[in-house]
Peer 1: 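Here you go, one structure.
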Amino acid sequence: MFSLHKTYTTLPSTPKRSFATRLQYPFKTIRMARSSIEEISESGAFARSPSTFRNVISRDPNTPFPAESGRYHLYIAYGCPWACRCLSILKIKGLGRAISLTVVKSKWERTSKNDEHIGWVFPVSETEEPGAEPDPLNGARSIRELYEIASKNYSGKYSVPVLWDKKLKTIVNNESSEIIRMFNSEFNDIAENAALDLYPLHLQSHIDEANQWIYAGINNGVYKCGFAKKQGPYEEAVKNLYDTLDKCEEILDKQRYICGNSLSESDIRLFVTLIRFDEVYAVHFKCNKKLIREYPNLFNYTKDVFQIPGMSGTVNMEHIKRHYYGSHPSMDPLGIIPVGPNIDYSTPHHRERFST
C-alpha cells in the first residue's frame, strides 16, 4: 500500500511510514506515491486532498481548451462515484459522440514494477474484464502513467476522473465538480440534449448550497466513516452522515428533487453515493445504522434518478462491488464480495406525483 514515487536500485531497509512522510537518503528526497485510503490526519480522520489539474474547457474559441467535438477523452472507473458524476452528465447531456470514453478495471492493482503503489489500471485486452478497455490513446498500463505523461514531476494521487486533451496530450482537469459544469454548459453547441440545464441561473445559489452539505455529510461523509482510523472520528462522521440523510428524506417528502421539482446537478452528485450505499457502504464503510431502502423517500428518489434515460448505463454494480471489496486490503484483506442485496432499482418509484 505504501510505495515510493521515485525509486532507486538499492535502498537501505526502513519501516513503512505515513504517505505524507518523505524518506531521506543521502543527497535525495524520495516522495511516496499514495492513494486516497492513506489520507489520514493525526486525529485518525480521513482528510481528502484537493485535485490538482484545474484547467477549464470553454466555448470561447480563443481559450487554450476550446469545446471541440472529438478533442477530449474521459477516463473513468465504474467503482468511483466522483468519476461516475462525470459519466452521468456525459450520458444525459448526449455528449457520447463528442467526448470519447474509456473505463479502467474495477480492482486496484500494482501501477509500477518499481514500487508497491496500487491504483487504477487498464486491462491488456477487452476480454480481460467485461466493461473495461485498454487505453486507446497512449497505450498506458495505468492511470498513473497518464499523470506521468502530463507532468513528469507530479506527486499527488493518481485518481479518476481524468479529462484528457488528445491534441495537447495532457490532462485538462481531474476535478469532477468542475468537469460536470463544463459538460453541462460548454458543449451545448454539439450536445444532443443541449436543452437540459442542470445548473440554471435561477437555482445556482440553491444548488451551490445543497452541494456543500451533500458533499460534507454524504458524498465525502461515507468515506470519512469508512477510512477513519479511530473510533471518535468514525462516530462523528456517522452522526453527520445520518443527520444529512434525514435532512434529504425530509426535503424529498415535499418535492421530487433536492432543489425543487426539476432535476439538477445536486441530484446527480447525491445519486452516485446513494446507489452504492446499501450494496457497499453499509458493510464496507460501516454505515449500517440505517439503509437507504429503509427511507421511503430517499429509496424511491434513487430509483427515480436511476430510471432517467441514460443513467442506468452509468451503474455497473459488479464493477462497483469488485472495486470496494477488492481494492482496500488494509480494510478487507480477504477481498470477499458479499452476494447481496442485489436491489432492483427499476421498480415503480411514484415520484411523478410531484408537479414538474
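Counting begins at 1 with the first residue of the sequence. Keep in mind that the numbers below use all heavy atoms, side chains included, and drop hydrogens, waters and symmetry copies.
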Peer 1: Indicate yes or no: does Lys105 engage Glu128 in a salt bridge with an N to O separation below 4.0 Å.
Peer 2: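 So Lys105 pairs with Glu128 through a salt bridge.
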Peer 1: Is it the case that over 12 heavy atoms from other parts of the model lie below 6.0 angstrom from the NZ atom of Lys254?
Peer 2: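 Counting other residues, nucleotides and ligands, NZ of Lys254 exceeds 12 neighbours.
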Peer 1: Counting only heavy atoms not in Arg97, do more than 12 sit closer than 6.0 Å to its CZ atom?
Peer 2: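 No, CZ of Arg97 has 12 or fewer neighbouring heavy atoms, counting only those of other groups under 6.0 Å.
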Peer 1: Will you find, in the side chains of Ser106 and Glu129, an N or O donor that is under 3.5 Å from an N or O acceptor?
Peer 2: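 Glu129 and Ser106 do have a side-chain donor-acceptor pair below 3.5 Å.
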Peer 1: Determine, stepwise, if the pair Lys290 / Asp278 fulfils salt bridge (Lys or Arg N to Asp or Glu O under 4.0 Å).
Peer 2: CA-CA 9 Å; Lys290 190 174 181 179; Asp278 288 9; over 6 Å; no
Peer 1: Salt bridge (Lys or Arg N to Asp or Glu O under 4.0 Å) between Arg181 and Glu186: does it pass, once the steps are laid out?
Peer 2: CA-CA 8 Å; Arg181 292 272 172 94; Glu186 300 309 303; over 6 Å; no
Peer 1: Donor-acceptor check, side chain of Asn174 to backbone of Phe53, threshold 3.5 angstrom: yes or no?
Peer 2: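 It does hold such a pair.
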Peer 1: Taking the side chain as every heavy atom from C-beta outward, state whether Thr111 and Val121 have any atom pair closer than 4.5 Å.
Peer 2: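 Counting from C-beta outward, Thr111 and Val121 do come under 4.5 Å.
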Peer 1: Do the side chains of Met317 and Trp82 join up, straight or via other hydrophobic residues, at under 4.5 Å, putting them in one cluster?
Peer 2: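 In one cluster with Met317: Trp82, yes.
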Peer 1: So, does Asn138 use its side chain to make a donor-acceptor pair with the main chain of Ala140 at under 3.5 Å?
Peer 2: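 No; zero donor-acceptor contacts below 3.5 Å.
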Peer 1: Look only at the side chain of Asn173 and the backbone of Asn55, and say whether a donor-acceptor pair between them is shorter than 3.5 Å.
Peer 2: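 Pair found, side chain donor or acceptor close to backbone of Asn55.
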Peer 1: Any chance the rings of Phe299 and Tyr295 have centres within less than 6.0 Å?
Peer 2: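 That pair fails the under 6.0 Å test.
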Peer 1: When rounded to the nearest 0.5 angstrom, what is the spacing between CZ in Arg59 and CG in Asn188?
Peer 2: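 Reported value, rounded in 0.5 Å steps: 5.5 Å.
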Peer 1: Assess the side chains of Asn240 and Lys224: does a donor N or O sit below 3.5 Å from an acceptor N or O?
Peer 2: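 Looking only at side-chain atoms, Lys224 and Asn240 do not form any donor-acceptor pair under 3.5 Å.
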Peer 1: Quick one: are Tyr72 and Val172 in side-chain contact, heavy atoms under 4.5 Å?
Peer 2: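 With C-beta onward as the side chain, the pair touches.
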Peer 1: Are Cys287 and Leu241 close enough, and set up right, to give a side-chain contact (heavy atoms from CB on, under 4.5 Å), and what steps lead you there?
Peer 2: CA-CA 9 Å; Cys287 301; Leu241 168 64; 3.6 Å; yes
Peer 1: Would you say the side-chain atoms of Asp344 and Ser346 include a donor-acceptor pair closer than 3.5 Å?
Peer 2: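 Yes, because at least one side-chain N or O of Asp344 sits under 3.5 Å from a partner of the opposite role on Ser346.
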Peer 1: So which of Tyr78, Tyr281, Trp108 actually passes ring-ring contact (aromatic ring centres under 6.0 Å, His included) with Tyr324?
Peer 2: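 Exactly one option meets the ring-ring contact (aromatic ring centres under 6.0 Å, His included) with Tyr324, and it is Tyr281.
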Peer 1: Hey, are Glu265 and Asn211 close enough side-chain-wise for a donor-acceptor pair under 3.5 Å?
Peer 2: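 Yes - a donor-acceptor pair under 3.5 Å links their side chains.
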Peer 1: If you round to the nearest 0.5 Å, how far is OG of Ser264 from OH of Tyr257?
Peer 2: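 One gets 10.0 Å once the value is rounded to the nearest 0.5 Å.
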Peer 1: Do Met311 and Ser88 pass the side-chain contact (heavy atoms from CB on, under 4.5 Å) test, and can you show the C-alpha distance, the side-chain angles, and the key distance before you say yes or no?
Peer 2: CA-CA 6 Å; Met311 285 298 294; Ser88 297; 3.5 Å; yes
Peer 1: So, Arg256 and Asp267, do they make that salt bridge, N to O below 4.0 Å?
Peer 2: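 Looking at Asp267 together with Arg256, the answer is no, because their closest N to O distance does not fall below 4.0 Å.
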Peer 1: Would the distance check show the side chain of Tyr301 and the main-chain N or O of Ile258 forming a donor-acceptor pair, the cut-off being under 3.5 Å?
Peer 2: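 A pair under 3.5 Å: no.
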Peer 1: Is there a side-chain contact between Trp120 and Tyr158 in this structure, where contact means two heavy atoms from C-beta onward sitting under 4.5 Å apart?
Peer 2: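 Trp120 does not reach Tyr158 side chain to side chain.
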Peer 1: Can you confirm if the aromatic rings of His328 and His323 lie within a centre distance of less than 6.0 Å?
Peer 2: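 For His323 and His328, the ring centres are under 6.0 Å apart.
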Peer 1: Answer with yes or no whether the hydrophobic clustering places Tyr199 together with Tyr215; edges join I, L, V, M, F, W, Y residues whose side-chain heavy atoms lie under 4.5 Å apart.
Peer 2: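 No, Tyr199 does not connect to Tyr215 through the hydrophobic network.
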Peer 1: Keeping His349 on the side-chain end and Lys303 on the backbone end, is there a donor-acceptor pair under 3.5 Å?
Peer 2: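 No.
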Peer 1: With a 4.5 Å limit on heavy-atom distance, are the side chains of Tyr75 and Leu146 in contact?
Peer 2: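 Yes - at least one pair of side-chain heavy atoms lies under 4.5 Å apart.
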Peer 1: Is it true that Asp165 and Lys169 have a side-chain N and a carboxylate O under 4.0 angstrom from each other?
Peer 2: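 A salt bridge is absent here (no side-chain N lies under 4.0 Å from a carboxylate O).
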Peer 1: Do Ser176 and Arg269 have side chains that approach each other closer than 4.5 Å (heavy atoms only, starting at C-beta)?
Peer 2: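 Side chain of Ser176 against side chain of Arg269, heavy atoms only: no contact under 4.5 Å found.
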Peer 1: Return the CG to CZ distance between Leu263 and Phe271, rounded to the nearest 0.5 Å.
Peer 2: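 Separation between the atoms: 10.5 Å.
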Peer 1: Test your reading of the model: is there a side-chain donor-acceptor pair from Glu126 to the backbone of Glu133, 3.5 Å cut-off?
Peer 2: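 Flag not set: sc Glu126 to bb Glu133 has no pair under 3.5 Å.
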Peer 1: Looking at Ile92, is its backbone amide N or carbonyl O close enough to the side chain of Asn193 to form a donor-acceptor pair, meaning the two atoms are under 3.5 Å apart?
Peer 2: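 Looks like yes, one N/O pair under 3.5 Å.
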Peer 1: If hydrophobic clusters are built by linking Ile, Leu, Val, Met, Phe, Trp and Tyr wherever their side-chain heavy atoms come under 4.5 Å apart, do Leu101 and Met182 end up in the same one?
Peer 2: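 Shared cluster, yes.
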Peer 1: Donor-acceptor pair, distance only, cut-off 3.5 Å: does the side chain of Glu318 make one with the backbone of Lys321?
Peer 2: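 Not at all, since once roles are kept as given, no pair shorter than 3.5 Å links the two residues.
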Peer 1: Quick one: NZ on Lys247 to CG on Asp243, what's the gap to the nearest 0.5 Å?
Peer 2: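 Nearest 0.5 Å value for the NZ-CG distance: 10.5 Å.
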Peer 1: Scan side-chain atoms only and decide if Gln255 and Asn261 contain a donor-acceptor pair under the 3.5 Å cut-off.
Peer 2: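 Looking only at side-chain atoms, Asn261 and Gln255 do not form any donor-acceptor pair under 3.5 Å.
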Peer 1: Under 3.5 Å, side chain of Lys286 to main-chain N/O of Cys225, donor-acceptor pair present?
Peer 2: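 No, because the side chain of Lys286 does not come within donor-acceptor range (under 3.5 Å) of the backbone of Cys225.
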Peer 1: Please determine, by modelled atom types, if His73 and Thr102 share a side-chain donor-acceptor pair under 3.5 angstrom.
Peer 2: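 Yes, a side-chain donor-acceptor pair sits under 3.5 Å.
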Peer 1: Below 4.5 Å, heavy atoms only, C-beta onward: do Ile218 and Leu270 meet side chain to side chain?
Peer 2: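 In contact.
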Peer 1: Shared ILVMFWY cluster between Leu198 and Ile190, side chains joined below 4.5 angstrom?
Peer 2: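 Same cluster.
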Peer 1: If hydrophobic clusters are built from ILVMFWY residues whose side chains come within less than 4.5 Å, do Ile207 and Ile214 share one?
Peer 2: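 No, separate clusters.
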Peer 1: Taking Asn219 for its side chain and Ala216 for its backbone only, find out whether a donor-acceptor pair lies under 3.5 Å.
Peer 2: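 Absent.
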Peer 1: Yes or no on side-chain contact (heavy atoms from CB on, under 4.5 Å) for Tyr234 and Lys229, after CA distance, side-chain angles and deciding distance?
Peer 2: CA-CA 8 Å; Tyr234 162 73; Lys229 298 294 185 182; over 6 Å; no
Peer 1: Might you work through the side-chain contact (heavy atoms from CB on, under 4.5 Å) test for Ile57 and Leu163, ending with a clear yes or no?
Peer 2: CA-CA 10 Å; Ile57 296 172; Leu163 184 58; 3.5 Å; yes
Peer 1: Between Arg141 and Glu109, does any side-chain N to carboxylate O distance fall below 4.0 Å?
Peer 2: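 Salt bridge: yes.
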Peer 1: Hey, what do you get for SG (Cys248) to CD1 (Ile292), rounding to the nearest 0.5 Å?
Peer 2: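 Cys248 atom SG to Ile292 atom CD1 measures 8.5 Å (nearest 0.5 Å).
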Peer 1: Under a 4.5 Å cut-off applied to non-hydrogen side-chain atoms, are Phe306 and Val315 in contact?
Peer 2: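 Of all side-chain heavy-atom pairs linking Val315 with Phe306, at least one is under 4.5 Å.
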Peer 1: Can a salt bridge be assigned to the pair Glu235 and Lys239 using a cut-off of 4.0 Å between side-chain N and carboxylate O?
Peer 2: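 A salt bridge is absent here (no side-chain N lies under 4.0 Å from a carboxylate O).
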Peer 1: Rounded to the nearest 0.5 Å, what separation is found between the OG atom of Ser262 and the CG atom of Leu203?
Peer 2: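 Ser262 OG to Leu203 CG: 5.5 Å, rounded to 0.5 Å.
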Peer 1: Go through the side-chain N and O atoms of Ser159 and Tyr147 and say whether any donor and acceptor fall under 3.5 Å apart.
Peer 2: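 Tyr147 and Ser159 do have a side-chain donor-acceptor pair below 3.5 Å.
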